[in-house]
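Reviewing the structure listed below.
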2 protein chains.
Amino acid sequence: MADLFLMLKEELKKRNISLSYQRLKIVEYLAQHLCHPTVEQIYTHLVPSIPTLSKTTVYNTLRVLLDAGLVRVIEIEDHESRYDVVMEGHGHFKCESCGCIYNFHVDMDALSSEDLKLFEIKEKNVYFSGVCPHCRNK
Amino acid sequence: MADLFLMLKEELKKRNISLSYQRLKIVEYLAQHLCHPTVEQIYTHLVPSIPTLSKTTVYNTLRVLLDAGLVRVIEIEDHESRYDVVMEGHGHFKCESCGCIYNFHVDMDALSSEDLKLFEIKEKNVYFSGVCPHCRNK
DNA sequence: GTTCCTGCAAAAGCTTTGCAGAAGA
DNA sequence: TCTTCTGCAAAGCTTTTGCAGGAAC
C-alpha cells in the first residue's frame with residue numbers, strides 16, 4: 001500500500017480540515033493500526049505522548065473524519081464502535097477468542113441480490129466471526 | 001413459512017426453557033415482527049397489555065433466547081441491538097431514511113475468501129444500507 | 001420448600017453535549 | 001480579533017447487575 005498516512009493528510013488538506021497535533025496523531029494511529037481500533041485503544045495509546053488528550057477530542061476527530069468520508073464505523077456485536085480507514089472492498093473477521101479484527105478480501109460487486117433490485121444500496125458490509133489461526137493453535 | 005411461533009415454542013420446550021406469560025409474548029412478538037425489533041420496540045409494544053413488564057425482563061428473555069441459539073443479535077451502526085429470529089442465510093438491509101431493516105437472500109456458502117482458509121468461521125453477517133423502495137418514491 | 005422468574009433500582013459503559021479557555025489564522 | 005479546536009464535567013442512552021418478592025412445580 002502507498003503511504004496511507006500521507007494520503008490521508010492530503011485528503012484532509014483538500015477538504016480544508018485543519019490538522020492539529022492531536023488530529024495528526026490520531027490519523028497517524030489509524031493509518032498504522034489497520035486492526036480497527038476502538039476509541040479506547042486510540043486514547044490509551046496516545047495519552048502517554050499527549051498527556052492532556054481527552055477522549056472527547058478523539059471522538060471529535062473521528063466525527064470529523066467520518067463526516068469527511070475518510071473513515072467508516074464498524075460495529076460487530078460489541079457496544080463499542082471501531083474505526084476503519086481503508087475503504088476498499090473487504091470484509092471484517094472478528095476472532096471471538098482474542099477479539100482482534102482482520103480484513104479479508106470480498107468481491108462486493110458480486111455480492112448482491114434479486115431481492116434488492118428496487119433498493120438504492122449505499123454501503124455493503126460483511127462481518128464474519130469465529131476463531132483466528134493464531135488462537136486455533138493454542 | 002410454517003408457523004414460526006409454534007416452532008419457537010417447540011424449540012423452547014425441547015430445551016426445557018419455561019415459558020412464562022412474558023416470555024411467551026416476547027417470542028410471539030419476535031415471530032410476528034421479522035423487521036428486527038429493538039428492546040425498546042418490544043417493550044413499548046408489550047407494555048400496554050402487560051403493564052408490569054420491565055425492560056429487564058425483555059433483556060433477560062432475549063438473553064435466554066440468545067443462549068439457546070434461537071435468536072441472533074445484529075447491530076448496524078446503531079447503538080441499539082436488534083434481534084433476529086430467522087436464522088437462514090440472509091442479509092440485512094437498513095434504510096437510512098425510515099430506519100427499517102429488511103431481509104434479503106444471500107448465498108452464504110458462496111461467500112468466502114482465500115484470505116480466511118486458516119480461520120474457523122462460525123458466523124457470517126451481511127449488512128447493507130441505503131434507501132428502500134418505499135422511501136425512494138417520496 | 002426449592003427453584004426459577006420478574007422487575008425495581010442502581011450501576012456500568014460508550015457516546016454526546018455544553019461551555020470556557022487555549023490555540024491558530 | 002475572530003474563528004476553530006481542545007478537553008473537563010455533566011448528561012444521555014443502552015445494557016447489565018444486585019436483590020427482594022413472587023410464581024411455579
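Reckoned from all heavy atoms, side chains included, excluding hydrogens, waters and symmetry mates. Each chain gets a letter, A, B and so on, in the order the sequences are listed, and its residues count up from 1.
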Original post:
How would you list, by chain and number, every residue that makes a salt bridge (Lys or Arg N to Asp or Glu O under 4.0 Å) with A:Lys13, sequence neighbours excluded?
Top reply: none
**OP:** Check which hydrophobic residues are tied to A:Tyr127 through side-chain heavy-atom contacts below 4.5 Å, counting indirect links as well, and list them.
**Re:** A:Ile74, A:Ile76, A:Ile101, B:Ile74, B:Ile76, B:Ile101, B:Tyr127
Original post:
With sequence neighbours excluded, what pairs up with A:Arg72 under the salt bridge (Lys or Arg N to Asp or Glu O under 4.0 Å) test?
Top reply: A:Asp84
Original post:
Mind checking what makes side chain to side chain contact (heavy atoms under 4.5 Å, CB included) contact with B:Cys98, not counting sequence neighbours?
Top reply: B:Cys95, B:Cys100, B:Tyr102, B:Cys132, B:Cys135
What's touching nucleotides 4-7 of chain C from the protein side, N or O pairs under 3.5 Å?
residue	atom	partner	partner atom	Å
C:dC5	OP1	B:Ser18	OG	3.3
C:dC5	OP1	B:Arg23	NH1	3.0
C:dC5	OP1	B:Arg23	NH2	3.4
C:dT6	OP1	B:Ser20	OG	2.2
C:dT6	OP2	B:Arg23	NE	3.4
C:dT6	O3'	B:Gln22	NE2	3.2
C:dG7	OP1	B:Gln22	NE2	3.2
C:dG7	OP1	B:Thr52	O	3.1
C:dG7	OP1	B:Thr52	OG1	2.7
C:dG7	OP2	B:Thr57	OG1	3.0
C:dG7	O5'	B:Thr52	O	3.0

Subject >> Shared-cluster residues of A:Leu6, by chain and number - hydrophobic side chains joined below 4.5 Å >> reply: none
Subject >> Residues in salt bridge (Lys or Arg N to Asp or Glu O under 4.0 Å) contact with A:Glu11, at least two apart in sequence or another chain >> reply: A:Lys14, A:Arg15
Quiz: residues 107-114 of chain A side-chain donor-acceptor pairs under 3.5 angstrom, not counting sequence neighbours:
residue	atom	partner	partner atom	Å
A:Asp107	OD1	A:Asp109	N	3.2
A:Asp107	OD1	A:Ala110	N	3.4
A:Ser113	OG	A:Asp115	N	3.0
A:Ser113	OG	B:His105	O	3.3
A:Glu114	OE1	A:Lys117	NZ	3.3

**OP:** Check salt bridge (Lys or Arg N to Asp or Glu O under 4.0 Å) between A:Lys25 and all other residues, then give those that pass, not counting sequence neighbours.
**Re:** A:Glu28
**OP:** Compute the ring centroids of B:Phe104 and B:Phe128, then answer whether they are less than 6.0 Å apart.
**Re:** yes
**OP:** Any chance you could pull the hydrophobic cluster mates of B:Leu118, using side-chain heavy atoms under 4.5 angstrom and chaining through other members?
**Re:** none
**OP:** Work out how much the helix from C:dG1-D:dC25 to C:dA25-D:dT1 bends between its end axes, five pairs an end, to the nearest 10 degrees.
**Re:** 20°
Original post:
Taking any atom under 4.0 angstrom from a heavy atom of chain A, which nucleotides of DNA chain D are the first and last to qualify, 5' to 3'?
Top reply: D:dC5 to D:dT15
